[in-house]
Every structure is written in structure tokens, then in C-alpha cells.
Amino acid sequence: MVHRVGYAPGVYDLFHIGHLNILRHARSRCDYLVAGVVSDEMAERAKGRRPVVPLPERLEIVRSVRHVDAAFVETVPDKRETWQQVRFDVLFKGDDWRGTEKGERLERDFAAVGVEVVYFPYTVHTSSTLLTRALDALVTPGSGEARTAP
């Protein structure tokens with residue numbers, strides 16, 4: 001019996017429908033799904049800001065999603081190092097990576113060890129970045145208090 005392990009990495013900050021869609025689609029393409037939750041430090045390096053929701057809470061949220069069999073804290077930027085620890089057969093990414101230099105390098109690196117890279121549609125209308133900007137717009141700079149409607 002072939003047991004196909006999938007890996008779906010992400011920051012999973014301000015968990016939203018796009019995150020759920022990726023995890024749901026990923027689980028339908030493997031027998032066992034590991035969600036890689038990016039550490040606060042790695043997220044800050046990659047995106048220039050720390051996540052709004054701290055790592056222990058993001059990890060618990062993702063771990064509690066029924067489509068996820070296990071959650072793994074991702075602490076290194078090199079997915080090959082993560083593969084050496086998790087040993088997944090398929091890596092799931094948003095299609096915003098498809099055709100990019102990063103995506104092509106990922107495909108080459110993983111083809112060498114027999115790992116398939118599968119892209120899923122990126123949820124354009126919802127992202128943690130957009131949600132963070134919307135929250136920032138609701139807070140008056142410096143006061144930390146919500147604005148009131150005119």
C-alpha cells in the first residue's frame with residue numbers, strides 16, 4: 001500500500017478561507033497531510049513583519065483543522081532541510097509561485113528526490129496581508145483605539 005505524505009507550508013496568520021481551501025485541497029491529494037507553520041522569525045524575514053497571531057496559537061489553530069493530520073513548526077527557509085525531517089512525497093504551494101524563479105528552483109530541487117510540487121489557486125480576494133492592512137486602517141495611528149464612524 002502506497003502512503004502519500006503531503007506538506008502544506010504557510011504562515012497561517014489571521015486564519016482565513018484561503019488557508020482552509022489550501023488545506024482542504026491538499027488533503028484530497030494525499031493520504032496524510034502535514035501543515036508546516038512558519039515560525040515568527042522566518043515570517044518576519046520573508047515578509048518584513050511578524051505575524052499578528054503568535055506561533056503557538058497559529059500552530060494550535062492549524063493543528064485543529066480536520067484536514068490536517070499533523071502540524072510542524074518550520075524554522076529554516078530551505079524546504080529541502082524540512083523535507084529531510086518530514087519526508088513528504090508532495091509539496092503544496094499557492095499558484096502565485098508557479099512560473100517564478102523560486103517555484104522553478106523548488107520544482108528542480110524536489111524532482112531530484114522524487115517529490116512532486118502541486119500548485120493550488122491563490123485566493124485573491126482574501127489574504128492575511130489584506131486583513132492586516134484593513135485592521136491597521138481601523139486603528140488611529142498611535143492611539144491603539146478603534147476609529148469611530150463619522
Side-chain angles (χ1 to χ4, degrees), residues 3-98 100-103 105-107 109-110 113 115-148:
H3 187 72
R4 188 167 151 104
V5 176
Y7 186 69
V11 177
Y12 298 109
D13 194 22
L14 300 173
F15 196 88
H16 55 75
I17 193 68
H19 296 138
L20 184 60
N21 287 340
I22 290 250
L23 295 172
R24 179 186 302 123
H25 293 310
R27 185 60 176 85
S28 74
R29 302 282 302 268
C30 63
D31 300 305
Y32 188 87
L33 179 63
V34 178
V37 181
V38 174
S39 71
D40 293 341
E41 297 75 21
M42 272 198 29
E44 185 172 22
R45 249 185 286 153
K47 297 186 179 238
R49 63 172 174 74
R50 291 181 80 77
V52 173
V53 178
L55 176 62
E57 294 176 24
R58 291 183 290 117
L59 190 61
E60 184 61 27
I61 290 165
V62 170
R63 188 179 277 141
S64 298
V65 173
R66 74 174 182 204
H67 308 294
V68 174
D69 295 297
F72 175 85
V73 177
E74 195 173 292
T75 59
V76 294
D78 187 342
K79 297 282 186 268
R80 291 169 301 182
E81 284 185 49
T82 301
W83 174 78
Q84 290 175 353
Q85 294 176 297
V86 179
R87 292 296 178 166
F88 47 85
D89 304 298
V90 58
L91 173 69
F92 301 104
K93 294 297 288 178
D95 66 1
D96 53 323
W97 278 60
R98 187 192 312 265
T100 67
E101 186 180 322
K102 289 189 306 186
R105 183 173 50 249
L106 203 63
E107 291 173 34
D109 290 349
F110 280 117
V113 292
V115 171
E116 178 185 9
V117 177
V118 172
Y119 298 101
F120 291 128
Y122 184 76
T123 307
V124 178
H125 68 278
T126 305
S127 76
S128 297
T129 301
L130 290 174
L131 291 172
T132 301
R133 285 184 192 148
L135 290 172
D136 286 346
L138 294 174
V139 177
T140 304
S143 76
E145 295 184 2
R147 293 184 187 156
T148 56

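Excluded from the calculations below are hydrogen atoms, water molecules and symmetry mates; all remaining heavy atoms, backbone and side chain alike, are included. The structure presented is a predicted model; accordingly, all values stated were derived computationally and were not measured.
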Check: Leu20 and Phe15 side chains under 4.5 Å, non-hydrogen atoms: yes

side-chain contact (heavy atoms from CB on, under 4.5 Å) between Trp83 and Val86, intermediate numbers included: CA-CA 5 Å; Trp83 174 78; Val86 179; over 6 Å; no

Arg4 (side chain) donor-acceptor with Asp31 (main chain) under 3.5 angstrom: no

Side-chain heavy atoms of Pro9 within contact of Leu91, under 4.5 Å: yes

Non-neighbouring partners of Val118 that pass side chain to side chain contact (heavy atoms under 4.5 Å, CB included), sequence neighbours left out: Arg29, Val90, Phe92, Glu116, Phe120

Check: His25 side chain, Ile22 main-chain N or O, donor-acceptor pair, under 3.5 Å: no

Residues Glu41, Arg45: salt bridge by 4.0 Å N-O rule: no

Partners meeting side chain to side chain contact (heavy atoms under 4.5 Å, CB included) with Glu107 (sequence neighbours left out): Val117, Tyr119

From Gln84 atom CD to Glu81 atom CD, the distance as rounded to the nearest 0.5 Å: 6.5 Å

Pairs involving residues 85-94, ordered by first then second residue, that meet salt bridge (charged side-chain N to carboxylate O under 4.0 Å, His left out) (sequence neighbours left out): none

Smallest separation among heavy atoms of Val38 and Ala43, with atom names: CG1-N, 3.6 Å

Nearest heavy atoms of Cys30 and Val5, plus distance in Å: CB-C, 4.3 Å

For a quick test of your reading: what N or O donor-acceptor pairs under 3.5 Å do the side chains of residues 61-78 make, sequence neighbours left out?
from: Ser64; atom 1: OG; to: Glu60; atom 2: O; distance (Å): 2.8
from: Asp69; atom 1: OD2; to: Arg27; atom 2: NE; distance (Å): 3.0
from: Asp69; atom 1: OD2; to: Leu33; atom 2: N; distance (Å): 2.8
from: Glu74; atom 1: OE1; to: Tyr7; atom 2: OH; distance (Å): 2.5
from: Glu74; atom 1: OE2; to: Lys79; atom 2: NZ; distance (Å): 2.5
from: Asp78; atom 1: OD1; to: Arg80; atom 2: N; distance (Å): 2.8
from: Asp78; atom 1: OD1; to: Arg80; atom 2: NE; distance (Å): 3.1
from: Asp78; atom 1: OD2; to: Arg80; atom 2: NH2; distance (Å): 3.0

side-chain contact (heavy atoms from CB on, under 4.5 Å) between Asp13 and Arg49, intermediate numbers included: CA-CA 11 Å; Asp13 194 22; Arg49 63 172 174 74; 3.9 Å; yes

Arg58 CZ to Tyr12 OH distance, which is reported to the nearest 0.5 Å: 11.0 Å

Results of side chain to side chain donor-acceptor pair (under 3.5 Å) for Glu44 - residues two or more places apart only: Arg50

Contact summary for Ala26 and Ala8, nearest pair of heavy atoms: CB-CB, 4.4 Å

